[in-house]
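Residue numbering restarts at 1 for every chain, and letters A, B, ... go by the order of the sequence lines. Note that this is a predicted model, so its numbers are computed, not measured.
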Amino acid sequence: MSDLYEKISDLAKRRGFFWPSYEIYGGVSGFYDLGPYGVLLKQRIIEKWRELFVRNHQEYVVELESPLIAPSVVFEASGHVEHFTDPIVTCKGTGRRYRADHLIEEALGISAEGMSTEEMSKLLRERGVKCPDGGEPGEVTTFNLLFKTQIGPYEGDVGYLRPELAQGMFVAFKRVLEAMRNKLPLGIAQIGRVGRNEISPRQAMIRLREFTIMEMEYFVDPEDRDGSCPFFEERAGTRLRILSYDAKAKGGEPQSFTVEEAVMEKVIVDKCLAYWMAVGQEFVEALGVPRHEILFVEKGPGERAHYSSQTFDQVVRTSRWGWVEVAGHSYRGDYDLSRHMSYSKADLTVFKQYREPLNVRVKKVMVDKGALGRLFREKTMEVFSRLQSLPAEVVEEQLAKEGKVTVDGYQVPKEAVRIEEVEEKVTGKKVVPHVVEPSFGGDRALYVAFEYAYREKEGRVILAFPRDLAPVQAAVLPLLENDEELIRTAREIYKALVREGFYVIYDDNGSIGRRYARTDELGVPAAITVDYKTLEDRTVTIRDRDSWNQVRVRAEDLPSALKKFLRGAPLESLP
RNA sequence: GCGGCGGUAGUCUAGCCUGGACUAGGACGCCGGCCUGCCAAGCCGGAGGUCCCGGGUUCAAAUCCCGGCCGCCGCACCA
């Protein structure tokens, strides 16, 4: 047993936190089970995220639950169907991979568009195309990270497992906006599972084919981005360690900025993005990761997704895999909503009402429908609607220059069209919100919490989770394992704590030292020992997992003392 | 997907090279009993194994060979 990762895997399996799924059938990589204590730990991590992102911002941020499976059109609109499917060949000998369609286009000058993989394979073989490295291309295969399925009994009804939560928020945006009374900013958060059919997942829980994401789409007014972050001041002074793309390209080191400085110096392009990065930092610190082990790394233009104008990976140092991305913070602009508007024809804009209605003089295209009707007969309405779609300025210019208007091949003489300037009252305008997206990997968060909690002390193992994250909060232990009186009292205290809503372990098996050691391995912050003094005066001892110190409190005060302790109060303050 | 290394009770491992007495050994953990007035003490007993899977070689395979699966590392990939 050499490194921390191995110790953690061992402990996690042995004590029921997590392990690879389907082991009895040989296992399938990219899938992990969470055991009894893993489930509890994850619940606490999720609850911490929810507290920081949703509950603390509940005026603006709300939660959504949307389906795991979506019809294909959703991911056509999002660009996933297109961007997740690549025909690829592996070249024999070198093992290098190339895009099969690119290879064909370059070598043969033929467009491979619409060809099946079989056709491409056949073509490559028949025409003797070589790989750029001189090797022989193998069979063409398709790599699409979307898990494909079928919705209902008809084969044409293709569905996909979502590879991210974001599309659920975009698709339901209109409804949520309405429920929140049509105001920006609006954050829609979601915690849920996603599937990505990774080509070759490794790294245990770090890269999975199915995992939990905790994500928020924070919709802002594109014309008032700064005003969309009303809580900015709360974290303006928080320091973030940032490695900007420029600095990275020059081989530079990360720099520390306050959130405010990062925005002022345009290291972070958007105030909201910066704010949520600071919340993200607080979340990861709450997992037990010290601030100096957290870093924000900006993605370069070629590295980030097509929709993003700025993306930071929030990374945490791990023992085995170095810096691991636990979150992505992206400025997604209006890409997603615009795409869904054009695919669905739904209006996903937000109406911004002005304080005072504006009176504006606008030019309008006025059409003489009688004249139009005589000229175009049954095509009249089509010509009319096309004319309406042209900006008045364009029509005016054409009339002035050519004395007629040409639209989609129809020529409309000036007798049928004129430009009029009218006074109009404008009460507001429609905008397509921009989106700031912090997105966290739940399972990576769990792994990271595990790694930072792992301690060894005097040859024993302790999981020193932050107390409020611990899967089980207390253990109740009779001092001796064969004294009926101690056992009966201990069981009463155990039941009382369970009634108060705690997760508690009762254990009377083995020496007291052995039982302390067991609870330390599960990360139980408080061990309650029932001894002979308890029988006399109804007091018990509370032992702190981290210091192994003990204090004595009255049994009836135990629930409130435990609550205080879990919130971080020092042991000595409890009696 | 390519290359290297590995896979033996819950966990870690011995055995593998040099096939046979391996009915697969140990440690820790787990369960029961005794003991025990606070940190994995001791004693007794117990449960727990598809030796990763499949095929082959052989009189005989945990052990040798081939294929597969899974894991780790490097490369590739990672909207």
Side-chain angles (χ1 to χ4, degrees), chain A residues 1-3 5-7 9-16 19-31 35 75 78-86 88-99 133 135 138-139 141 143-146 163-164 166-167 196-204 206-209 299 302-308 311 313 320-321 325 328 330 332 335 457-462 477-483 486 507 509-521 527-535 540-541 543-545 547-550 552:
Chain A
M1 288 246 282
S2 46
D3 73 356
Y5 165 78
E6 282 174 25
K7 291 174 177 177
S9 304
D10 172 23
L11 178 60
K13 272 189 229 174
R14 211 153 37 78
R15 289 301 187 184
W19 54 78
S21 302
Y22 310 116
E23 282 181 308
I24 66 165
Y25 289 107
V28 183
S29 64
F31 298 94
F75 295 115
S78 72
H80 285 91
V81 170
E82 186 186 347
H83 288 95
F84 259 29
T85 311
D86 287 338
I88 289 182
V89 280
T90 302
C91 296
K92 293 169 187 165
T94 64
R96 295 195 182 281
R97 320 205 113 183
Y98 298 92
R99 282 278 292 267
D133 56 35
E139 291 299 303
T141 51
F143 287 156
N144 188 335
L145 297 202
L146 290 173
E164 60 171 19
Q167 300 313 318
R196 299 180 186 186
N197 203 0
E198 298 283 350
I199 294 160
S200 165
R202 293 228 190 105
Q203 303 174 306
I206 299 298
R207 227 167 123 210
L208 297 171
R209 289 190 164 117
K299 298 267 229 177
E303 301 165 327
R304 61 178 180 247
H306 51 286
Y307 49 71
S308 170
T311 297
D313 282 349
R320 187 160 195 147
W321 297 297
E325 181 190 347
S330 293
R332 288 178 84 132
Y335 176 84
K457 181 172 174 180
E458 298 174 20
R460 291 169 25 175
V461 173
I462 298 151
L477 318 169
L479 183 62
L480 298 180
E481 57 179 323
N482 63 353
D483 185 310
L486 287 178
D507 188 357
N509 183 328
S511 73
I512 188 70
R514 178 189 296 267
R515 285 177 276 151
Y516 287 145
R518 271 203 287 260
T519 64
D520 286 345
E521 265 193 1
I528 314 300
T529 310
V530 172
D531 56 18
Y532 289 102
K533 198 155 188 299
T534 310
L535 303 182
V540 294
T541 61
R543 169 193 178 270
D544 173 19
R545 172 196 68 200
S547 66
W548 296 0
N549 293 333
Q550 286 178 306
R552 196 164 265 282

Can you list everything that forms a side-chain hydrogen bond (donor to acceptor under 3.5 Å, both in side chains) with A:Arg320? Sequence neighbours excluded, please. A:Asp3

In whole Å, measure the gap between the P atoms of B:C73 and B:U13 for me. 16 Å

Partners meeting side-chain hydrogen bond (donor to acceptor under 3.5 Å, both in side chains) with A:Ser21 (sequence neighbours left out): A:Asp33

Any donor-acceptor pair, under 3.5 Å, between the side chain of A:Arg514 and the base of B:C39, if you only look at N and O atoms? no

Quick one: the side chain of A:Arg460 and the base of B:C39, do they pair up donor-acceptor inside 3.5 Å? yes

Both A:Arg518 and A:Lys533 contact RNA chain B. Which one's nearest nucleotide lies toward the 5' end? A:Arg518

With no angle test and no hydrogens, is the base of B:C38 tied to the side chain of A:Asp531 by a donor-acceptor pair under 3.5 Å? yes

Whether the side chain of A:Glu6 and the base of B:C72 hold a donor-acceptor pair under 3.5 Å is what I'd like checked. no

For nucleotides 44-53 of chain B, give me every protein contact, N/O to N/O, under 3.5 Å, one pair per line with atom names.
from  : atom 1 : to      : atom 2 : distance (Å)
B:U50 : O4     : A:Ile24 : O      : 3.3

Partner residues of A:Arg543 under the salt bridge (charged side-chain N to carboxylate O under 4.0 Å, His left out) criterion, sequence neighbours left out: A:Asp520

Please give the distance between the C1' atoms of B:C64 and B:G20 as a whole number of Å. 14 Å

Can you give me the closest heavy-atom contact between A:Asn509 and A:Arg515, atom names plus distance? O-CG, 3.4 Å

On RNA chain B, nearest-nucleotide positions of A:Gly30 versus A:Asp544: which is more 5'? A:Asp544

By side-chain hydrogen bond (donor to acceptor under 3.5 Å, both in side chains), which residues pair with A:Thr519, not counting sequence neighbours? none

Once hydrogens and angles are ignored, does a donor-acceptor distance under 3.5 Å link the base of B:C72 to the side chain of A:Tyr5? no

Output the single nucleotide from B:G37, B:C31, B:C35 whose closest atom is nearest the side chain of A:Asn482. B:C35

Among all residues two or more places apart in sequence or in another chain, which pass the salt bridge (charged side-chain N to carboxylate O under 4.0 Å, His left out) test with A:Glu164? A:Arg332

